[in-house]
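Notes follow once the structure below has been shown.
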Amino acid sequence: MTPNPGPALLSLQSDDPAWQALVDLSLAQARQALGKPVELDLQAVDRSGHWGFVRARLLDPGGAALSLADTPFAEAAAAGGVSDLAVVLLRQHEEADDSAWQVVDQTILPTDVSWLAWPQKHGAPSELLGLGG
């Protein structure tokens, strides 16, 4: 008997109803963490079943390089201890529509692959997180 591989990994496009919900929630998380307006340079907006994953580089409004002055990350940035990434894990309620997502975990400006533990911690598919199978 062949094991069930689980839901397929889908790279969502902007015309997918779930795409907008995942991007909006991720953007809100980044803006809240930084305490300022930012934009997302999306690298991945993926889905596997009721799990969603967004990985993006953060930019200042208008697409300028991210400035962390006057943010909670200013001191770490001055010491070279931040990246420009935002990584967000989301989950959809099983019976809900494509707009009913909630943030499960996030890492803003990480300097390592801090989402390595999310499959064990949250039960998220490792393939969704770009961690292989």
Side-chain angles (χ1 to χ4, degrees):
M1 177 182 241
T2 304
N4 181 354
L9 176 62
L10 304 172
S11 292
L12 301 180
Q13 303 303 312
S14 60
D15 60 348
D16 187 300
W19 184 92
Q20 192 66 55
L22 295 175
V23 170
D24 287 350
L25 280 168
S26 298
L27 182 58
Q29 292 299 117
R31 288 177 174 171
Q32 181 179 17
L34 293 170
K36 67 178 242 175
V38 294
E39 294 179 2
L40 300 178
D41 177 13
L42 297 167
Q43 296 180 329
V45 181
D46 296 333
R47 178 178 187 170
S48 180
H50 56 271
W51 290 99
F53 180 71
V54 175
R55 185 178 65 248
R57 297 218 174 271
L58 298 173
L59 301 170
D60 276 346
L66 182 65
S67 168
L68 295 172
D70 300 322
T71 73
F73 298 92
E75 190 173 313
V82 298
S83 68
D84 61 353
L85 285 177
V87 181
V88 184
L89 176 66
L90 305 103
R91 186 167 181 167
Q92 180 184 38
H93 295 288
E94 306 251 356
E95 296 83 31
D97 64 26
D98 280 327
S99 64
W101 292 84
Q102 64 185 43
V103 174
V104 174
D105 211 335
Q106 68 178 15
T107 185
I108 305 295
L109 309 178
T111 57
D112 61 3
V113 186
S114 52
W115 54 98
L116 279 174
W118 292 355
Q120 295 77 28
K121 184 176 179 183
H122 304 296
S126 57
E127 296 83 5
L128 175 68
L129 306 176
L131 303 175

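Throughout, residue positions are numbered sequentially from 1 according to the sequence presented.
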Do side-chain atoms of [X] reach the backbone of [Y] as a donor and acceptor pair under 3.5 angstrom?
| X | Y | value |
| --- | --- | --- |
| Arg31 | Ala33 | no |
| Ser83 | Pro110 | yes |
| Glu39 | Gly62 | yes |

*Is the closest side-chain heavy-atom distance between Trp51 and Val104 below 4.5 Å?*
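The answer is yes; the side chains approach within 4.5 Å.
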_Side-chain heavy-atom pair Leu116, Leu129 within 4.5 angstrom cut-off_ =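 Not in contact.
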*Which one of Val88, Val23, Leu40 satisfies the side chain to side chain contact (heavy atoms under 4.5 Å, CB included) criterion with Val45?*
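For Val45, the side chain to side chain contact (heavy atoms under 4.5 Å, CB included) test succeeds with only one of Val88, Val23, Leu40, which is Val23.
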*Can you name the nearest heavy-atom pair linking Ala77 to Leu68, along with the distance?*
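Shortest heavy-atom contact: CB-CD1, 3.6 Å.
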*How far apart are the closest heavy atoms of Ser114 and Thr107, and which atoms are they?*
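So the minimum-distance heavy-atom pair works out to OG-OG1, 3.0 Å.
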*Which of parallel (below 30°), tilted (30 to 60°) and perpendicular (above 60°) describes His122 and Trp118?*
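It falls in the perpendicular class, over 60°.
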*Give a yes or no on whether Glu75 atom CD has more than 12 heavy-atom contacts from other residues, nucleotides or ligands under 6.0 Å away.*
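No.
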*According to the side-chain hydrogen bond (donor to acceptor under 3.5 Å, both in side chains) rule, which pairs have a member within residues 59-73, sequence neighbours left out?*
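Applying side-chain hydrogen bond (donor to acceptor under 3.5 Å, both in side chains) to every pair that reaches into residues 59-73, excluding sequence neighbours, yields Lys36-Asp60.
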*side-chain contact (heavy atoms from CB on, under 4.5 Å) assessment of Asp41 paired with Asp84*: CA-CA 10 Å; Asp41 177 13; Asp84 61 353; over 6 Å; no
_If hydrophobic clusters are built from ILVMFWY residues whose side chains come within less than 4.5 Å, do Val87 and Leu59 share one?_
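Cluster IDs for Val87 and Leu59 differ.
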